[in-house]
Amino acid sequence: MTEPITRAEAEVFERFHDAVFVRDMEGKIHFWNAASAALYGWPSHSALGANARTLLGCKHERDGHDKADARLLADGYWEGELSRLTGSGCRRLVNVRWSLRRDAAGNPIGILETGYDISSAKQIEQHLKASEYRYRNLFQAMAASFWELDFTAIGPKIRALLDSGVRDLEAYFLTHPHVVRDFMQHTQVVDLNDHSVRLFGRGDRTEMLGTIDRYWPDESIQVYARCVVKSLGGLPNNIEVTRLRTLDGNEFECLFTACFSKENIARGVILIGIIDLSELAEARHALEIMQTELAHVARISILGELSASITHEINQPLTSISTYAQAGLRWLQRPQPDLREVENALLQIIDEAQRTDDVISRIRGMALRRPAQESDVSINDVIQDSLQFTDHELRKHSVRLTTELAASLAPVRADRVLLQQVIVNLVMNAAQAMAMSDSAIRELTVRSVRLPAGDICLEVLDSGPGIAQGLEGKLFESFFTTKATGMGMGLPICRSIVEGAGGQIQLTNRGDGKQGAKVTLTLPALMLAT
Ligand code: ADP
């Protein structure tokens with residue numbers, strides 16, 4: 001054989017789906033099948049006689065062609081991946097097999113190459129590698145705990161349950177928690193990130209692999225049960241706030257997310273993410289303490305504003321006590337002491353002392369620092385208590401007070417002293433607004449109304465200047481004040497107290513044709529058993 005390919009071989013190779021071509025030892029192409037034409041974009045009349053390396057843009061050293069040639073000569077065979085240039089100028093990655101053709105004397109006379117395009121397969125592989133890399137990175141780098149769980153062992157158990165006639169798995173799990181425990185004992189942790197080791201473990205990752213039930217306190221096992229139910233129902237995920245346990249047995253609050261992607265479920269795997277909420281819970285607690293403190297400081301500051309009224313309220317009975325005591329003495333010092341008058345004076349002293357005591361305990365109630373205590377509160381009682389605080393203040397500013405209290409209101413669930421603080425604040429704001437305006441008429445109406453749904457509405461209407469245009473949105477912002485010595489904390493604190501009791505508060509212009517402002521405060525009424 002002197003030609004590198006026979007006519008009979010050419011006929012067979014022509015029908016191959018792989019690209020087949022034959023070149024001599026100088027690289028000249030002697031055979032080029034239709035699949036080569038399709039892969040490389042050169043028709044056979046252009047390829048035949050051309051130099052293969054030039055035609056296919058082979059770069060020697062970089063492609064390792066020379067090494068491949070050396071191996072081919074040594075072994076008679078070579079296989080590998082080569083980058084090839086096509087007629088349209090784009091590169092393709094081709095998997096090629098070379099076999100050396102020899103003449104009768106054993107001298108190499110040509111090379112038969114078969115090849116197929118692996119560019120897209122390579123791209124997919126690279127894409128997969130990149131996405132696996134990204135996933136690994138995320139898995140490791142996120143400040144959340146990620147776990148991969150293998151649940152293949154519970155598949156047959158679920159099937160057995162369904163075969164035994166269990167229809168409502170969720171209800172079944174609720175009444176059979178030991179079954180859920182058993183499922184957990186057969187669900188394995190197969191992978192987890194470093195954050196999980198820090199959050200749940202003692203530093204050793206391998207110690208954490210294995211069954212997951214160690215991490216689940218009894219109170220949280222229905223979270224696992226709901227994951228099973230939701231994944232079977234084809235839902236994409238289950239997200240809940242729950243409690244989990246570290247290897248050392250410390251329980252903590254967390255946000256638990258399980259993802260049931262179809263691909264993972266098909267592999268018998270689910271991915272879960274856990275975010276530690278215990279720090280958040282601590283921060284929330286600290287915030288609550290701060291709000292209580294702030295409300296307390298605000299109460300003290302209202303008492304400060306009311307100090308003139310308080311002094312007056314205490315001085316009045318004290319003056320009376322002194323007057324009655326002097327009168328009593330005089331009745332005693334008479335040549336004929338009048339004991340009935342003395343008794344009368346003493347009774348008056350007791351009454352006045354009681355009045356002083358009432359005022360002091362009312363103020364003490366407001367001034368004491370104490371955590372919020374919810375109870376069932378009659379809003380009308382709170383209104384009346386609050387108006388006692390402001391009574392002198394209103395009279396001082398010549399404000400005419402009208403109270404319209406609806407009968408048979410349901411109680412509300414709130415802290416009595418805090419509600420009192422809100423009402424005193426609103427009444428003081430109204431009195432100050434009216435005192436600042438020139439208007440001769442100073443009228444304040446405090447009203448309680450039963451809303452159609454049974455909820456309770458409290459309204460405070462004044463005849464002051466009302467709310468200037470553009471300010472409505474700002475009044476409840478912290479530190480917003482239009483007063484020279486104002487703090488701007490009254491209304492924000494009122495709002496946090498009212499919202500804490502599930503209600504709402506607004507401050508608007510009256511909207512009844514009269515000038516002035518109107519506070520509307522709604523509170524949900526307690527449903528009373530009938
Ligand atoms: P402060 O009383 O220290 O200013 P508040 O938060 O209680 O703080 O009130 C914020 C602002 O809301 C007041 O400065 C005032 O401009 C306005 N405001 C409150 N109540 C009334 C009212 N009844 N009429 C008119 N403006 C009011």
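All values derive from a computational prediction rather than experimental measurement. In each ligand, atom 1 is the first atom listed, and ligand 1 is the first ligand listed.
- Using a 4.0 Å cutoff on heavy atoms, Ala430 counts as a contact of ligand 1.
- A 4.5 Å side-chain heavy-atom check between Glu459 and Val446 finds every atom pair outside the cut-off.
- When the heavy-atom distances from atom 24 (N) of ligand 1 to Ser301, Ala433, Pro465, Ala484 are ranked, the shortest goes to Ala433.
- Atom 12 (O) of ligand 1 has as its closest protein heavy atom Leu475 CD2, 3.5 Å.
- With hydrogens and angles left out, the side-chain atoms of Thr246 and Tyr215 include no donor and acceptor closer than 3.5 Å.
- The Gly490 neighbourhood of ligand 1 comprises atoms 5 (P), 6 (O), 7 (O), 8 (O), with distances under 4.0 Å to a heavy atom of that residue.
- In this structure, atom 11 (C) of ligand 1 lies nearest to the protein heavy atom Phe480 O, 4.0 Å.
- Residues Arg510 and Asp512 are paired through a salt bridge, judged by an N-O separation under 4.0 Å between the basic side chain and the carboxylate.
- Looking only at protein heavy atoms, the nearest one to atom 8 (O) of ligand 1 is Gly488 CA, 3.3 Å.
- Note: an N/O pair closer than 3.5 Å links Asp462 and ligand 1 by distance alone.
- The distance criterion of under 3.5 Å between nitrogen or oxygen atoms is met by Met487 with respect to ligand 1.
- Below 30°, between 30° and 60°, or above 60°: for His178 and His176 the angle between ring planes is between 30° and 60°, a tilted geometry.
- Of the protein's non-hydrogen atoms, the one nearest atom 15 (C) of ligand 1 is Thr482 OG1, 3.4 Å.
- Each of the atoms 22 (C), 23 (N), 24 (N) of ligand 1 lies under 4.0 Å from some heavy atom of Ala517.
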List the steps, then state whether side chain to side chain contact (heavy atoms under 4.5 Å, CB included) holds for Leu192 with Phe200.
-> CA-CA 11 Å; Leu192 73 177; Phe200 285 87; over 6 Å; no
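- Short contacts between ligand 1 and Gly466, defined as distances under 4.0 Å to a heavy atom of the residue, involve ligand atoms 25 (C).
- Using cut-offs of 30° and 60° for the angle between ring planes, the His312 and His392 rings count as parallel.
- Ion pairing between a basic and an acidic side chain is recognised when a charged N comes within 4.0 Å of a carboxylate O; Glu341 and Arg330 show no such pairing.
- Within ligand 1, counting atoms from 1 as listed, the ones closer than 4.0 Å to a heavy atom of Pro492 are 6 (O).
- Aromatic ring centres of Phe183 and Phe173 lie closer together than 6.0 Å.
- Protein heavy atom nearest atom 6 (O) of ligand 1, with residue, atom name and distance: Leu491 N, 2.8 Å.
- Close approach of ligand 1 to Thr481 is summarised as follows: ligand atoms under 4.0 Å from at least one heavy atom of the residue are 1 (P), 3 (O), 4 (O), 14 (O).
- Inclusion of Gly486 in the set of residues having an N or O under 3.5 Å from an N or O of ligand 1 is not warranted.
- Using modelled atom types, one side-chain atom of Ser463 and one backbone atom of Ile441 make a donor-acceptor pair closer than 3.5 Å.
- Polar contact check, Gln432 against ligand 1: no nitrogen or oxygen pair lies under 3.5 Å apart.
- With a 4.0 Å cut-off on non-hydrogen atoms, Ile467 touches ligand 1 through its side chain and not its backbone.
- The minimum heavy-atom distance between Ala501 and Ala414, with the atom names listed, is CB-CB, 4.2 Å.
- When non-hydrogen atoms are compared, ligand 1 lies under 4.0 Å from the side chain of Leu507 (C-beta onward) but not from its backbone.
- For the pair Arg362 and Phe389, the cation-pi test (distance below 6.0 Å, angle within 45°) is passed.
- A donor and an acceptor atom, one from each side chain of Gln384 and Asn380, are nowhere located under 3.5 Å apart.
- In this structure, atom 2 (O) of ligand 1 lies nearest to the protein heavy atom Lys483 NZ, 2.6 Å.
- Protein heavy atom at the shortest distance from atom 7 (O) of ligand 1 is Asn429 ND2, 2.9 Å.
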